[in-house]
Amino acid sequence: MACCLPTSLGLLAAPLLQGPLFEDVSERWLPGVRTTCGGAATKESILEINGGGLVVEDFDGDGRPDLVVVDGSTLERAEEGEPGFPPRLFLGRAGGGFEPAGESWAMAGGRWGMGGCAGDVNGDGWPDLLVTEWGPDRLFVNEGGAGFVEATGGSGLVGDRWGTSAAFGDFDGDGHLDLVVVNYLDFDLSRSPRRDSGCTWKGHEVLCGPEGSEAGADRLYRGRGDGTFEEVSAAWGLVPRRAAFGLGVVTLDYDLDGDLDLYVSNDSTPNHLWENDGEGAFAEVGFRRGVGHDANGKEQAGMGIACGDVNGDLRPDLVVTNFSGEHNAFYRSSAGLGFRERSHAAGLGGPSQALLGWGTGLFDFDHDGEVDLFVLNGHVYPEADRPGTDTAYAQPDLLFRGTAGSFVPEPLWAGEPAVSRAGVAADLDGDGDLDLVSIELDGRVRVLRNRLSGGGHWLRVHLRGAGANTFAVGARVTAACGDRRFTSEVRTGAGFQVGGPAEVHLGLGTAERIDRLEVRWPSGRVQLVDAVAVDRVLTVGEEER
């Protein structure tokens, strides 16, 4: 039986905002929370540059988003065999802000935390947590909204690699969540090069990058539906001809055939687009589809990924953040299932040339009906502050406002430049617009509140699947408003080392109602809801046949 439960959240008229759209409310909403990733003053090893991760989801079932901060470690602790700093859960408060969760949610430290994502791995209706590590990735099962229990042992997660980003999705159509974990390097601290190993950048001695190291193969796991997994990377074809240094991953149905494909951003190696045949067999088509390189056929140093329909053609477009000296890539969907790199034409190329991008996301932050882009920036080399580098270590974070399929850059918030890394978007205060949480390397976990008040309309959609995929990860939601269409997919991972809430947020511009809402469920069923009111949260349950 279908179920549609509205929650009205009215819009208030307000004068035009002065200054950036986001304001830093960290001291009120998440005071004193910091992360560690090696040494703060100098960086001796590549292990110290990625920073930690963030996962936003409602873990305790009170209707408010909660926040997991994945922390790192130091070289000294790692060399002594001591565990890293543990992941921490902060429970959401009414009206915004967080408070530390109780002892039942406590998690032990692993070797060196990186990122994570959330998903219901056992079909009990509660989101569980996957944490990626330099070291074994770990699984924490949600005990009915009362706490976490680590379930890594016996889960089927294998190996001891350097996991960065991860995402859940039903890739073989059996109704259970599968898992992809992107890996960076096969890294051994005792043999890894340090800053004094002769590596240089623009005439300065720096820590050694990934070139010359062995890439870590990505892992694909088939979910059994009981919270355990089977490693199927080779069996399902997720083995590239050339191993790559994986940093970001996103699930998407790029060819609109009803199954989930995968896009992976790689550092200093071509990006991968994995096309799914719907039964758990993947083929790598990044070069063929135009998303492996820049417009000149050159591989870039890919970090984070943003995915969304920028030009309103109901197909997903892609943005990849890259190293300084390389503009961020914008892959616009085109006819024939391909993409064209159009960063300069879209206004992204020039502003990103001197910056090094990490966390990113495509969402309508100002509810004008156009998708916007946020990009968090910060260099990997403290030496970037020296003369002749044409860049800097601390860099400004940017918001690119969407306008007719292109972008106009502006400051994301009013603070000083920072060395930013991971960032995730979610409606933290329940006012309908999307806020941001970001990580400053060796610094604060920053909470940025969206200052939007008044303006266009919006809709947030929560889906409840009829089977074990209880949050309908992979579903596609399309809203028809007059002659315009707005669409997005439910996904758990995007950006860089982050997991977002399994929901859809649509900015609707001037549309005062939705004529018809279409939900294409992961099962392939299509469900229609007519005459949907806007400016609210809508929960849709899957109709059983």
Side-chain angles (χ1 to χ4, degrees), residues 164-165 182 184 201-202 209-211 215 218 240-250 252 254 261-275 284-308 310-311 315-362 371 373-381 384 389-391 395 398 400 402 405-409 494-496:
T164 52
S165 299
V182 172
Y184 192 41
W201 169 77
K202 295 194 174 183
E211 294 89 346
D218 301 335
R241 285 188 290 269
R242 176 186 176 189
F245 306 110
L247 287 175
V249 65
V250 68
L252 74 164
Y254 94 92
D261 310 301
L262 285 169
Y263 185 61
V264 179
S265 58
N266 296 312
D267 186 2
S268 306
T269 45
N271 301 322
H272 291 146
L273 177 60
W274 294 100
E275 185 178 295
E284 206 289 298
V285 296
F287 179 80
R288 188 193 322 166
R289 302 304 189 201
V291 293
H293 306 76
D294 70 6
N296 297 314
K298 179 181 178 296
E299 58 195 38
Q300 296 178 289
M303 309 295 180
I305 303 173
C307 182
V310 173
N311 58 353
R315 292 181 176 276
D317 305 299
L318 293 162
V319 172
V320 178
T321 57
N322 291 309
F323 203 82
S324 63
E326 304 174 340
H327 59 78
N328 294 336
F330 173 46
Y331 300 106
R332 188 189 295 277
S333 60
S334 63
L337 302 183
F339 296 80
R340 293 186 181 277
E341 207 286 302
R342 289 290 183 263
S343 57
H344 289 288
L348 296 179
S352 65
Q353 191 77 28
L355 303 176
L356 200 163
W358 297 87
T360 185
L362 280 165
V371 175
L373 174 75
F374 79 89
V375 178
L376 306 179
N377 299 297
H379 218 281
V380 298
Y381 304 134
T389 68
D390 300 318
T391 185
Q395 300 178 355
L398 296 180
F400 292 84
S406 297
F407 298 94
V408 177
F496 167 75

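Numbers for residues simply follow the sequence, beginning at 1.
Residues that satisfy the side-chain hydrogen bond (donor to acceptor under 3.5 Å, both in side chains) test with Ser268, not counting sequence neighbours, are Glu211. The salt bridge (Lys or Arg N to Asp or Glu O under 4.0 Å) check on Glu299 picks up Arg242, with sequence neighbours excluded. Every ring pair (Phe, Tyr, Trp, His ring centres under 6.0 Å) that Phe330 has, sequence neighbours left out, goes to Phe407. Remark: Glu284 pairs with no residue by the salt bridge (Lys or Arg N to Asp or Glu O under 4.0 Å) rule, at least two apart or across chains.
A side-chain donor-acceptor contact under 3.5 Å links Ser265 to the backbone of Met303. Tyr263 places a side-chain N or O within donor-acceptor distance of the main-chain N or O of Val291, the cut-off being under 3.5 Å. Looking only at distances, a side-chain donor or acceptor of Thr164 sits under 3.5 Å from a matching main-chain atom of Val182. Put simply, the side chain of Trp358 never gets that close to the backbone of Phe496: no donor and acceptor are under 3.5 Å apart. Side chain of Asp294 to main chain of Asn296: a donor-acceptor pair is present (N/O by atom type, distance under 3.5 Å, no hydrogens or angles). A donor-acceptor contact shorter than 3.5 Å is absent between the side chain of Asp267 and the backbone of Ala301.
In this structure the side chain of Phe287 never reaches within 4.5 angstrom of the side chain of Pro270, judged on heavy atoms. For the pair Thr389 and Trp201, the minimum side-chain heavy-atom distance is below 4.5 Å. Two residues are said to be in side-chain contact when any heavy atoms from C-beta on lie closer than 4.5 Å; Asp390 and Gln353 fail this criterion. Using a 4.5 Å heavy-atom cutoff, the side chains of Tyr331 and Leu273 are not in contact. Taking the side chain as every heavy atom from C-beta outward, Leu318 and Leu252 approach each other to under 4.5 Å. Here the side chains of Tyr254 and Arg289 are in contact, with some heavy-atom distance below 4.5 Å.
Taking both residues in full, the closest heavy atoms of Ala244 and Thr269 are given as CB-OG1, 3.3 Å, listed atom of the first, atom of the second, then distance. For the residue pair Leu355 and Gln395, the shortest heavy atom distance occurs at CA-OE1, 3.4 Å. Shortest non-hydrogen contact noted between Gly302 and Leu247 is O-CD1, 3.4 Å. Nearest heavy-atom pair across Gly248 and Ser165 is CA-OG, 3.6 Å. Closest approach of Val375 to Thr360, counting heavy atoms only: CG2-OG1, 3.8 Å. The two residues Ala306 and Leu373 have their closest heavy-atom pair at CB-CD1, 3.8 Å.
Asp317 and Ser333 form a side-chain donor-acceptor contact under 3.5 Å, judged by distance and modelled atom types alone.
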Practice prompt. Test side-chain contact (heavy atoms from CB on, under 4.5 Å) on Gln300 and Val320 and set out the steps.
Written response: CA-CA 10 Å; Gln300 296 178 289; Val320 178; over 6 Å; no

Practice prompt. Determine, step by step, whether His379 and Phe323 satisfy the ring pair (Phe, Tyr, Trp, His ring centres under 6.0 Å) criterion, reporting the C-alpha distance in whole Å, the side-chain angles of both residues, the deciding distance to 0.1 Å, and the verdict.
Written response: CA-CA 8 Å; His379 218 281; Phe323 203 82; 5.3 Å; yes

Worksheet entry | Derivation of the side-chain contact (heavy atoms from CB on, under 4.5 Å) call for Asn271 and Asn266 | CA-CA 5 Å; Asn271 301 322; Asn266 296 312; 4.1 Å; yes

Side-chain atoms of residues 345-352: list all donor-acceptor pairs with protein atoms under 3.5 Å, sequence neighbours left out, distances to 0.1 Å.
residue, atom, partner, partner atom, Å
Ser352, OG, Asn328, N, 2.9
Ser352, OG, Leu348, O, 2.9
Ser352, OG, Gly349, O, 3.1

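Here side-chain hydrogen bond (donor to acceptor under 3.5 Å, both in side chains) pairs that include residues 338-347, with residues two or more places apart or in two chains, are His327-Ser343, Glu341-Ser343.
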